[in-house]
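Below is one structure, written out as structure tokens; the observations come after it.
Quick caveat, the model's predicted, so the values are computed rather than measured. Just so we're on the same page: letters track the sequence lines, and every chain starts at 1.
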There are 2 protein chains.
Amino acid sequence: MANIQQVAKHAGVSVATVSRVLNGHDKVTAKTKLKVEEAIQYLNYEPSMLGRNLRNSESRIVLILIPTISNPFYFEIIKGIENMALSQNYSILLCETDSKPEKEEIYFDLVRKKMADGIISMDPAVNVETLKELAQHYAIIQCSEYGGGIGIPYVTIDSEEASYRAVKHLIQIGHKKIALMNSDEKFLYARERRMGYERALREHDIPVNGDYIFYTHELGFEQGQMAMKKILRLEDRPTAVFAVSDLLAIGALKEITAAGLHVPNDVAVVGFDKIDFSNMTNPALTTVAQPMYKMGTVAARMLIEKIQGKTVDSVVLGHELVIRESTTG
Amino acid sequence: MANIQQVAKHAGVSVATVSRVLNGHDKVTAKTKLKVEEAIQYLNYEPSMLGRNLRNSESRIVLILIPTISNPFYFEIIKGIENMALSQNYSILLCETDSKPEKEEIYFDLVRKKMADGIISMDPAVNVETLKELAQHYAIIQCSEYGGGIGIPYVTIDSEEASYRAVKHLIQIGHKKIALMNSDEKFLYARERRMGYERALREHDIPVNGDYIFYTHELGFEQGQMAMKKILRLEDRPTAVFAVSDLLAIGALKEITAAGLHVPNDVAVVGFDKIDFSNMTNPALTTVAQPMYKMGTVAARMLIEKIQGKTVDSVVLGHELVIRESTTG
DNA sequence: TTGTGAAATGAAATCGTTTACATTTTCATC
DNA sequence: GATGAAAATGTAAACGATTTCATTTCACAA
């Protein structure tokens with residue numbers, strides 16, 4: 001609980017000198033450095049970030065905005081962000097918005113009040129207007145989910161292409177009746193993924209059937225179950241389902257099995273995200289892998305550069321289709 | 001980017017008065033209050049937490065220490081902590097230790113450097129010595145996992161009793177050959193859960209068979225698979241498995257199915273934690289539910305009281321056995 | 001010995017608040 | 001209108017660091 005004054009006094013030097021040995025930017029004699037270090041040791045001194053932060057007008061904290069902590073999709077991204085941030089002496093504040101503007105506002109306030117130096121937003125439901133306004137004064141990066149054309153740098157994958165390749169895989173193993181389990185098309189990625197789905201179908205002369213396209217309110221397990229129930233009731237039942245999230249796909253899996261049908265013999269299933277759990281199901285899920293860890297590190301690096309006042313460009317990363325039992329048996 | 005000085009000037013009052021309307025503790029005339037509020041509005045002023053925090057010697061940030069963010073077990077607890085914290089104007093820094101002392105040290109340093117006001121530790125692998133030493137100067141609460149007798153308040157459940165009831169359930173539906181999939185007994189909860197397991201067996205005159213007890217290094221899916229492989233190779237194969245975490249149990253589930261056996265007809269499975277996924281598997285998992293959200297709110301309340309200098313007592317909460325398909329078909 | 005420039009150190013301002021204490025204003029009372 | 005207590009406001013000192021600028025120290029050459 002000592003402060004820099006006491007260290008200075010104890011070492012017989014000025015506070016400036018103590019600060020210099022603390023930060024190591026400036027030169028000090030080996031002898032005085034030793035004196036100061038002894039005093040630090042003796043007094044068990046730890047520099048207070050509160051003082052330092054005020055003086056430097058920074059908090060060295062970055063905010064991560066996610067809709068909910070329980071979606072495993074975010075794990076690897078968060079790890080990527082965290083590791084990059086830590087290496088640059090930043091800490092991360094993980095913020096669940098629950099897709100509620102009130103909670104969002106609480107966290108936005110944190111940056112307005114200088115408690116955070118910047119934001120990485122992964123919340124597709126974020127209030128774009130506020131974000132835009134905030135971006136004029138503070139460092140903001142969009143990760144994975146993004147609003148296009150609002151002038152905020154983002155890092156993401158090519159959703160349309162990923163979706164195209166997933167559906168093409170289903171076509172190539174013989175499916176023609178392929179359902180799409182999509183989320184609300186107010187989200188850009190949902191529109192892109194439908195376009196990829198349609199492109200794959202068209203390319204193989206399969207007509208797009210509106211009855212095969214389902215929209216869910218959220219991307220969770222229950223929504224997957226509910227949508228699958230509807231799909232199973234269709235009179236001309238699809239033989240394959242492409243779901244835009246693994247949790248949706250896992251819900252479908254459960255529902256198909258519960259109906260006494262077999263995956264993939266009766267219905268094949270493809271998910272999206274390659275969350276850890278997608279490998280734990282029976283059968284293991286075919287899914288699109290996003291380079292999540294990389295997305296995290298890139299987003300963090302971009303944010304830190306933005307904080308430092310540099311201009312940064314958006315980045316589109318690659319993806320990969322992981323073929324497992326839910327399509328190939 | 002205005003500061004309190006400029007607001008004061010613009011409103012024609014002193015900074016003290018501005019501070020007073022900001023905080024509302026002290027009395028100000030309705031008229032001056034209006035003037036100040038107008039100035040705040042006009043200048044788009046937001047008080048800086050950096051200045052305030054330094055002056056108040058607090059950061060209003062609490063640390064949550066968890067081994068890994070990808071264990072769903074922690075979700076509800078974290079939500080509980082977060083909501084309670086937010087309601088008291090605290091923010092939470094979620095810290096993954098990966099069970100590595102180096103990372104732990106980074107986060108401990110954050111509280112030493114006053115960047116955080118306290119810690120809620122949920123990491124069973126935490127360095128108890130350092131924690132004990134830290135607890136002499138800073139507010140620390142243990143949640144769910146705890147080292148006993150080290151004088152740091154904790155909130156947890158009665159692991160022994162929960163384990164006892166889970167195993168008793170297996171016995172009551174006719175099982176006699178019950179395997180235990182436990183984690184390393186260097187952890188208190190692991191020892192307690194084995195004791196509960198043994199108590200249930202003894203109470204029904206079933207001898208404890210050392211060959212039926214397995215230890216895993218971590219509590220994940222893969223460890224569950226590996227342990228289950230071993231169990232399936234036993235010549236006198238158990239008819240039931242009690243795993244001390246849901247992820248272990250889910251690994252067991254997958255392995256049993258892969259071996260062409262049926263759950264629960266060939267092998268019944270019980271997990272522990274009632275994570276979201278435990279309901280998404282085929283079959284759904286019987287498991288012990290801990291009152292996670294409550295644990296979180298209680299831990300947060302305890303921590304905040306500790307920060308305020310009050311003395312707090314440890315708390316033991318109730319639990320509940322959730323019976324689903326993996327034991328009853 | 002003295003002068004010189006470079007290197008090391010110190011003094012004091014600064015970051016943006018809160019608050020103890022001092023001062024002024026207000027207003028009921030005589 | 002003077003008096004006084006209570007209410008409102010102002011002044012200035014913290015909080016704990018960093019950094020600019022001024023000053024001292026030092027080594028070395030003349």
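Distances from the side chain of A/R20 to the nucleotides C/dT9, D/dT18, C/dT18 place C/dT9 closest. Closest to the side chain of B/V15, from the set D/dG16, D/dT9, D/dA12, is D/dA12. With D/dT9, C/dT9, D/dG16 as the candidates, the nucleotide lying closest to the side chain of A/V28 is C/dT9. Of the listed nucleotides (D/dT18, C/dG10, D/dA12), D/dT18 has the atom at the smallest distance from the side chain of A/I4. Across D/dT19, D/dA8, C/dG10, the shortest atom-to-atom separation from the side chain of B/K27 is found for D/dA8. Which of C/dC15, D/dT19, D/dG10 sits closest to the side chain of B/S14 comes down to D/dG10. When distances run from any side-chain atom of A/A16 to the nucleotides C/dT9, C/dT17, C/dA11, the shortest one goes to C/dA11.
Here A/L54 lies in heavy-atom contact (under 4.0 Å) with a base. When heavy atoms are screened at a 4.0 angstrom cut-off, A/N23 is found touching the sugar-phosphate backbone but no base atom. Residue-level contact check: B/D26 touches neither bases nor backbone, having no heavy atom under 4.0 Å from any strand. As judged by a 4.0 angstrom heavy-atom cut-off over every strand, A/E58 is placed among residues making no nucleic acid contact. Here A/S19 lies in heavy-atom contact (under 4.0 Å) with a base. Residue contacts for A/V18: at a heavy-atom cut-off of 4.0 Å it reaches no nucleic acid atom on any strand shown. Looking at heavy-atom distances under 4.0 Å, A/Q5 makes no contact with the nucleic acid at all.
Rounded to an integer number of Å, the gap from A/L43 CG to D/dA17 P is 12 Å. Atom pair A/M115:CE and C/dT17:C1' shows a separation of 14 Å (rounding to whole Å applied). Distance NZ (B/K33) to P (D/dT9): 12 Å, rounded to an integer number of Å. Rounded to a whole Å, the CD atom of A/E46 is 11 Å from the P atom of D/dA17. Atoms CG (A/N53) and P (D/dG16) sit 14 Å apart, rounded to a whole Å. Rounded to whole Å, atom P of C/dG16 lies 14 Å from atom CG of B/L22. Across the protein-nucleic acid pair, A/L50 atom CG and C/dG16 atom C1' stand 13 Å apart, rounded to whole Å. Protein atom NZ of B/K31 is 12 Å distant from nucleotide atom P of C/dT25, rounded to whole Å.
OP1 or OP2 of D/dA14 has not a single side-chain nitrogen or oxygen of B/R55 nearer than 4.0 Å. Applying the 4.0 Å criterion to OP1 and OP2 of C/dC15, one finds that A/S57 has every side-chain N and O outside that range. Between B/S48 and the phosphate of C/dC15, there is no side-chain N or O to OP1/OP2 separation shorter than 4.0 Å. Here A/T32 reaches the OP1 or OP2 of C/dT9: one of its side-chain N or O atoms lies under 4.0 Å away.
Using a 4.0 Å cut-off between a side-chain N of Lys or Arg and a carboxylate O of Asp or Glu, A/K33 and A/E38 do not qualify as a salt bridge.
Using modelled atom types and a 3.5 Å distance limit, the side chains of A/T97 and A/S99 yield no donor-acceptor pair. In summary, the side chains of B/N53 and B/S59 do not present any donor paired with an acceptor at a separation below 3.5 Å, with no hydrogens or angles considered. Side chains of B/N127 and B/E104: a donor-acceptor N/O pair is absent below 3.5 angstrom, by distance only.
Between B/Y146 and B/Y154, the angle of the ring planes stays under 30°, which puts this pair in the parallel group of the 30/60° scheme.
The nearest heavy atom of DNA chain D to B/N56 and to A/H25 marks one nucleotide each, and the one closer to the 5' end goes with B/N56.
Summarising the local packing, CD of A/E133 is surrounded by 12 or fewer heavy atoms from other residues, nucleotides or ligands at distances under 6.0 Å.
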Go through the steps for B/D123 and B/E145 under the test side chain to side chain contact (heavy atoms under 4.5 Å, CB included), then give the verdict. CA-CA 7 Å; B/D123 184 2; B/E145 318 289 353; over 6 Å; no
